[in-house]
Amino acid sequence: MNNFLFVAAENDAIANCKAGGMGDVVRDVPRQISERGDKVHVIVPSYSRLHRDGGTLKTRLTFHLRGTTYSAELYEVIPKKEYNNIHHYVIHHPEIEAGDIAHIYHNNPVEPFYTDFIKYVIFCTAVAEAIKEDAFGSLDIVHMHDWHSSLMVFLKTYHPAYESLKRIRFVYTIHNLAIQGIRPFGDNYSSLQNWFPDISLDYDNLMDYRYRDCVNLMALGIRLSDAVHTVSPSYKEDVLLPSSPPEFIGGEGLEKDLGQAENQGRLYGILNGSNYKNIRTAKKGNIYRNTVKALFRWLQQESKKYKADFLAHTGEKVMELVDNRPKFIISSVARLTEQKFYFFKRSPEVFIEILKKLQKVDGIFMLLGTGAPEYEELFRGLSYEHENFIFTNGQSEDLIDSIYLETDLYFMPSLFEPCGISQMLSMRNGNPCLVHATGGLKDTVENMKTGFSFGGDSYDEKINNMLLSFDQALDVFQNDKPKWKKIQSAAKKMRFTWEKSVDEYYKVLYLL
């Protein structure tokens, strides 16, 4: 029996520990490993909250940071569903606090990653100590996810207390190359030298090539891991090329590191999977009821001053839809970020044009998500101005399930997309998607066969093609029902299984 440890910032196998697609992957891949008869331990930060709901203290961990002794606690926690040979853990330390993004990440606009760097340094060092103390038994593979966990390979490579980790194979998955965890080497509380004053830093191998006085934790994971993995084949090809935004998002300054990993035979592109069994099932016809429930639950939980007016306004629109159901629903469920909605932030008139086109066919646009304040403000303002735009600025699993079930067309205009899970979930329900043909979206949606897609060589061309593709989708829906049903059927038949993906993991990432 092989023994795995997954180290990540999110894990949707436990409640209230997801902000994006990483949480889905960290939930699903261990289940496939378990089905193969191997053992998996999954560990995330507690964020000062996850250990409180039935967590069992396993051990106290003592380690050194900032020239002083730190103590953290390792808890085993209860997952949403029990599976054989899977154990879920959280690390608690008072400085590992809940953030303002999904109660996980902190948004530090003045000094990006300031708070998150601190908490993931403490988290990763505590995990390294737990490995050293055999808290998970003898490990064969440590699988790290994004920059939040990449400090593990720094500790393995440079920290004398954790040389024992060198016997383990370390695999690194890139979920979002754009978020890199860049911090200064020194002269700052949130810096590498402050937290590891006794380690002589290898500046040449640790520095960001663009900001030579900084460490780049995403780059560190790429440089020091035994295998590096992007979550779709097309995204791997994208990131080997330099970015030229907004027309093309590629390696984001790390193409040299990724090219070196490719030349060394350490870089692989393997498409993420989706669940097709043991899934949450929604009941058809509940989409507006679940919207109202989510809005009132959210009203009770949040305290921002604008929300009472916003919820009353949105709730009024939703209640109208209960009796007067629209003929066409287009939807998106996503983090409100530049990656997901850059086109609409730069060109809001395009979004308004889509709403006007929908109005002509008695259609609505439903958007659910939280994220960057400027994107929340943009969509909040648009929701006030347009009756057929329903913006739910929160999170609700019940509503998300209803959206995926009852949508006619799912929209993903991502500027770039490492893989994307939403399009797979929508297709699973037989709902065609309209996507920007980039990264994993290009690998999963085929224009006019399983959905609709747009591209272009310039920003203006992409915007124009987006509207043309939307017109095409509306035209097929209204005027060619046999074609629409054929596209729906083809989308539903697509199978992006985790079994297939994890087979590849075993062959090229894990070498088992």
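- In this structure a side-chain-to-backbone donor-acceptor pair under 3.5 Å is present from Trp498 to Gly273.
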Please step through side chain to side chain contact (heavy atoms under 4.5 Å, CB included) for the pair Asp146 and Ile179, ending with a clear verdict. CA-CA 8 Å; Asp146 267 357; Ile179 303 175; over 6 Å; no
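- Side chain of Lys18 to main chain of Asp24: no donor-acceptor pair is present (N/O by atom type, distance under 3.5 Å, no hydrogens or angles).
- The side-chain heavy atoms of Gln488 and Pro432, taken from C-beta on, include a pair separated by under 4.5 Å.
- Between His103 and Tyr47 the shortest side-chain heavy-atom distance does not fall below 4.5 Å.
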Start with the C-alpha gap between Ser46 and Ile96, add the side-chain angles, then the distance that decides, and say whether side chain to side chain contact (heavy atoms under 4.5 Å, CB included) holds. CA-CA 7 Å; Ser46 171; Ile96 306 177; over 6 Å; no
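- Ring geometry for Tyr506 versus Phe4: interplanar angle of 30 to 60°, hence tilted.
- The CD1 atom of Ile329 lies 8.0 Å from the CG atom of Leu321; values are rounded to the nearest 0.5 Å.
- In this model, no donor atom of one side chain and acceptor atom of the other lie less than 3.5 Å apart for His106 and Thr115.
- Of the candidates Ile33, Val25, Ile43, Phe6 forms a side chain to side chain contact (heavy atoms under 4.5 Å, CB included) with just one, namely Ile33.
- With hydrogens and angles disregarded, no donor-acceptor distance shorter than 3.5 Å links the side chain of Glu406 to the backbone of Lys284.
- Side chains of Ser414 and His436: no donor on one and acceptor on the other come within 3.5 Å.
- When atom types are taken as modelled, the side chain of Glu10 and the backbone of Met22 share no donor-acceptor pair closer than 3.5 angstrom.
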Please report the C-alpha distance between Tyr89 and Phe136 in whole Å, then the side-chain angles of each, then the deciding distance to 0.1 Å, and finally whether the ring-ring contact (aromatic ring centres under 6.0 Å, His included) criterion is met. CA-CA 10 Å; Tyr89 304 89; Phe136 315 109; 5.3 Å; yes
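- Between Ser274 and Arg428 the shortest side-chain heavy-atom distance falls below 4.5 Å.
- To the nearest 0.5 angstrom, Thr173 atom OG1 is 6.5 Å from Leu509 atom CG.
- A cation-pi arrangement is found for Lys481 relative to Phe477, the charged atom lying closer than 6.0 Å to the ring centre and inside a 45° cone about the ring normal.
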Using the rule given for side chain to side chain donor-acceptor pair (under 3.5 Å), can you reason through Tyr404 versus Ser422, listing the C-alpha separation, both sets of side-chain angles and the distance that settles it, and then say yes or no? CA-CA 8 Å; Tyr404 284 131; Ser422 294; 3.0 Å; yes
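- Remark: side-chain polar atoms of Gln339 are not paired, donor with acceptor, to backbone N or O of Glu417 under 3.5 angstrom.
- Checking side-chain atoms of Tyr410 against main-chain N and O of Ile403 turns up no donor-acceptor pair under 3.5 Å.
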For the pair Val502 and Glu35, evaluate side chain to side chain contact (heavy atoms under 4.5 Å, CB included) and give the outcome as yes or no after the intermediate values. CA-CA 11 Å; Val502 176; Glu35 287 189 10; over 6 Å; no
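- Relative orientation of the Phe391 and Phe379 rings is tilted, given thresholds of 30° and 60° on the angle between their planes.
- With no hydrogens or angles considered, a side-chain donor-acceptor pair links Asn393 and Glu376 at under 3.5 Å.
- Ser243 and Glu252 share a side-chain donor-acceptor pair at under 3.5 Å.
- A distance-only check finds a donor-acceptor pair linking the side chain of Ser332 to the backbone of Phe411 [under 3.5 Å].
- Taking the ring centroids of Tyr105 and His148, they lie under the 6.0 Å cut-off.
- Only one option out of Ile354, Ile352, Leu336 pairs with Phe344 in a side chain to side chain contact (heavy atoms under 4.5 Å, CB included); it is Ile354.
- With hydrogens and angles ignored, the 3.5 Å screen pairs a side-chain donor or acceptor of Lys483 with a backbone N or O of Met448.
- Side chain of Lys119 to backbone of Glu97: a donor-acceptor contact under 3.5 angstrom is found.
- Looking at heavy atoms from C-beta onward, Pro233 lies in side-chain contact with Asp443 at the 4.5 angstrom threshold.
- Side chains of Asn286 and Asn290: no donor on one and acceptor on the other come within 3.5 Å.
- Annotation: side chain of Pro326 is not in contact with side chain of Asn388 (no heavy-atom distance under 4.5 Å).
- Side-chain atoms of Pro348 and Leu378, non-hydrogen and from C-beta on, do get closer than 4.5 Å to each other.
- Under 3.5 Å, the side chains of Tyr276 and Thr497 contain no donor-acceptor pair of N or O atoms.
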So Phe113 and Tyr120, ring-ring contact (aromatic ring centres under 6.0 Å, His included) or not? Walk me through it. CA-CA 10 Å; Phe113 307 112; Tyr120 293 118; 9.9 Å; no
Output, in order, the C-alpha distance, side-chain angles, deciding distance and verdict of salt bridge (Lys or Arg N to Asp or Glu O under 4.0 Å) for Arg36 and Asp503. CA-CA 10 Å; Arg36 286 163 167 76; Asp503 278 345; 2.2 Å; yes
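- Between Asp12 and Lys80, at least one side-chain nitrogen of the basic residue sits less than 4.0 Å from a carboxylate oxygen of the acidic one, meeting the salt-bridge criterion.
- By the 4.0 Å N-to-carboxylate-O rule, Glu504 lies close enough to Lys507 to be salt-bridged with it.
- Using modelled atom types, one finds no donor on one side chain facing an acceptor on the other under 3.5 Å when comparing Tyr172 with Ser149.
- Residues Phe454 and Phe470 keep their aromatic ring centres 6.0 Å or farther apart.
- The shortest side-chain heavy-atom distance between His143 and Tyr505 falls under the 4.5 Å cut-off.
- Side-chain atoms of Leu358 and Ile364, non-hydrogen and from C-beta on, never get closer than 4.5 Å to each other.
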Begin from the C-alpha positions of Phe343 and Tyr459 and carry the test ring-ring contact (aromatic ring centres under 6.0 Å, His included) through to its verdict. CA-CA 9 Å; Phe343 292 119; Tyr459 178 83; 5.8 Å; yes
Walk me through whether His87 and Glu76 qualify under side chain to side chain contact (heavy atoms under 4.5 Å, CB included). CA-CA 7 Å; His87 300 272; Glu76 186 164 2; 2.9 Å; yes
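- Between the side chains of Thr407 and Asn431, no donor-acceptor pair is found at a separation under 3.5 Å.
- With hydrogens and angles disregarded, a donor-acceptor distance shorter than 3.5 Å links the side chain of Ser150 to the backbone of Leu217.
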